[in-house]
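Model, not experiment: these values are computed from the prediction.
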Amino acid sequence: MRLDKLLEQEKLGSRRKVKALIRSKQVRVDGRIILDESLNVDATLQEIFVGTKKIQHKTHVYYMLNKPQGVVTAVKDAHYQTVIDLLDESDQRIGLYPIGRLDRDTEGLLLITDNGQLGYQLLLPHKKVSKRYEVIVNAELTTADCAAFAQGIVFSDGTKCKKAELTILSSNKDKSHVYLDITEGKFHQVKKMFLSVDKKVIYLKRLSMGPIKLDTSLALGEYRSLNQEELQSLLPYFTAHKKREERVT
Ligand code: URA
């Protein structure tokens, strides 16, 4: 949520008054004086002070879901169950949406939040958020394939992918089991990368996104709130406006 909106909701005054408070260097987020009223903040994750008053307001929710196959990564769908439908009714609230997209037949880690700005930051290409996938393909993979991924796969339409790391766990002529680490999120990226080396993906699961790893105790379809440690690890993605902050000395 925007800093000015949060302070307004906390009854610190009108939007104009809140702006004046910010400009007069009375607002600190995690020890930094903030001059940018549009900074994305979350009092669940950050210490926000106006003068000596600590803001306690809880603003957003953050879930990790172990997405099962057959469910679409959408908020609403006319034909299929959505990832939002998997949440308990008591956890469903307006503004919840999935960060990034997994295909209907892909399993694994999906973050769901109502913090639109965080989702936006995590998906920005220049942030190069790493994602690890577990993949099974229908053919043998060799060190030559690892080299091709390391160099940068080119799709059949000429689209170039960034360097990716392929780790072969097992491989024979009918089947290979690998980890793939990528830092971008093109549409059907993993499946298209393997098609480019003439292999078909037959199983795909996301294991991590940035600092967040799939909790292996979650069964398919289960979800839980991110814990404090996980929330703290997302903090770098909140500080998009560094230039307009000052460190308190
Ligand atoms: N790449 C794909 O091809 N599909 C997914 O669901 C995620 C990444």
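A distance of 5.5 Å separates CD1 in I22 from CG in L7, rounded to the nearest 0.5 Å. L204 CG to T106 OG1: the interatomic distance, rounded to the nearest 0.5 Å, is 4.0 Å.
In this structure S217 satisfies the side-chain hydrogen bond (donor to acceptor under 3.5 Å, both in side chains) test together with D215, sequence neighbours excluded. A search for salt bridge (charged side-chain N to carboxylate O under 4.0 Å, His left out) contacts involving E140 returns nothing, not counting sequence neighbours. Applying the salt bridge (charged side-chain N to carboxylate O under 4.0 Å, His left out) rule to K191 yields the partners D103, D105; only residues at least two apart in sequence or on another chain are considered. Taking the side chain to side chain contact (heavy atoms under 4.5 Å, CB included) definition, one finds that S208 meets it with R132, K213, sequence neighbours left out. In this view, K5 and M1, R2, Q9, R15 satisfy the side chain to side chain contact (heavy atoms under 4.5 Å, CB included) rule, not counting sequence neighbours. Partners of D91 by salt bridge (charged side-chain N to carboxylate O under 4.0 Å, His left out), not counting sequence neighbours: none found. Qualifying salt bridge (charged side-chain N to carboxylate O under 4.0 Å, His left out) partners for K186, counting only residues two or more places apart in sequence or in other chains: E184. Scored by the side-chain hydrogen bond (donor to acceptor under 3.5 Å, both in side chains) test, S225 finds no partners at all (sequence neighbours excluded).
Here the closest heavy-atom approach between residue L35 and residue K25 is recorded as CD2-CG, 3.8 Å. When all heavy atoms of S171 and S176 are compared, the pair lying nearest together is OG-OG, 2.7 Å. Residues L86 and Y223 approach most closely at O-CE2, 3.8 Å, considering heavy atoms. Of all heavy-atom pairs spanning V75 and I84, the tightest one is CA-CG1, 3.8 Å. Here the closest heavy-atom approach between residue L110 and residue P98 is recorded as CD2-CB, 3.8 Å. Listed here is the closest heavy atom pair of K199 and V137: CB-CB, 4.1 Å.
Linking Ile, Leu, Val, Met, Phe, Trp and Tyr residues whenever their side-chain heavy atoms come within less than 4.5 Å leaves F49 and V41 in two separate clusters.
For CG of N172, the number of neighbouring non-hydrogen atoms (other residues, nucleotides, ligands) closer than 6.0 Å is greater than 12. By the 6.0 Å contact criterion, CD on E165 is open, its count of non-hydrogen atoms from other residues, nucleotides or ligands being 12 or less. Atom NZ of K175 has 12 or fewer neighbouring heavy atoms from other residues, nucleotides or ligands inside a 6.0 Å radius.
Looking at N115, its side chain does come within 3.5 Å of a backbone N or O of Q117 through a donor-acceptor pair.
In this structure, L231 and Y62 have side chains that are in contact, with non-hydrogen atoms separated by less than 4.5 Å.
Counted by atom type alone, T159 and D157 present one or more donor-acceptor pairs between their side chains at under 3.5 Å. Side-chain atoms of D114 and H60 form a donor-acceptor pair, as typed in the model, at a separation below 3.5 Å. A donor atom on one side chain and an acceptor atom on the other are found under 3.5 Å apart for Q121 and K127.
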Q) Does the pair D30 and Q46 meet the rule for a side chain to side chain contact (heavy atoms under 4.5 Å, CB included), with working shown? A) CA-CA 6 Å; D30 288 340; Q46 295 165 303; 3.4 Å; yes
Q: Take L180 and M193 through the side chain to side chain contact (heavy atoms under 4.5 Å, CB included) test and state the conclusion after the steps.
A: CA-CA 10 Å; L180 176 65; M193 285 174 105; 4.1 Å; yes
Q: Using the side chain to side chain contact (heavy atoms under 4.5 Å, CB included) rule, take E37 and V18 through it: C-alpha gap first, then chi angles, then the decisive distance, then the call.
A: CA-CA 8 Å; E37 66 259 16; V18 160; over 6 Å; no
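Under the side chain to side chain donor-acceptor pair (under 3.5 Å) criterion, the residue pairs touching residues 75-85 are Y80-R104, T82-D85, with sequence neighbours excluded. For residues 107-146, the set of pairs meeting the ring pair (Phe, Tyr, Trp, His ring centres under 6.0 Å) definition, not counting sequence neighbours, is empty. Each ring pair (Phe, Tyr, Trp, His ring centres under 6.0 Å) pair with one or both residues in residues 187-208, not counting sequence neighbours, appears once here: F149-F194.
Clustering of Ile, Leu, Val, Met, Phe, Trp and Tyr by side-chain heavy atoms under 4.5 Å joins Y179 with L169, L207.
Taking the charged nitrogens against the carboxylate oxygens, E230 and R224 do have a contact shorter than 4.0 Å, which makes a salt bridge.
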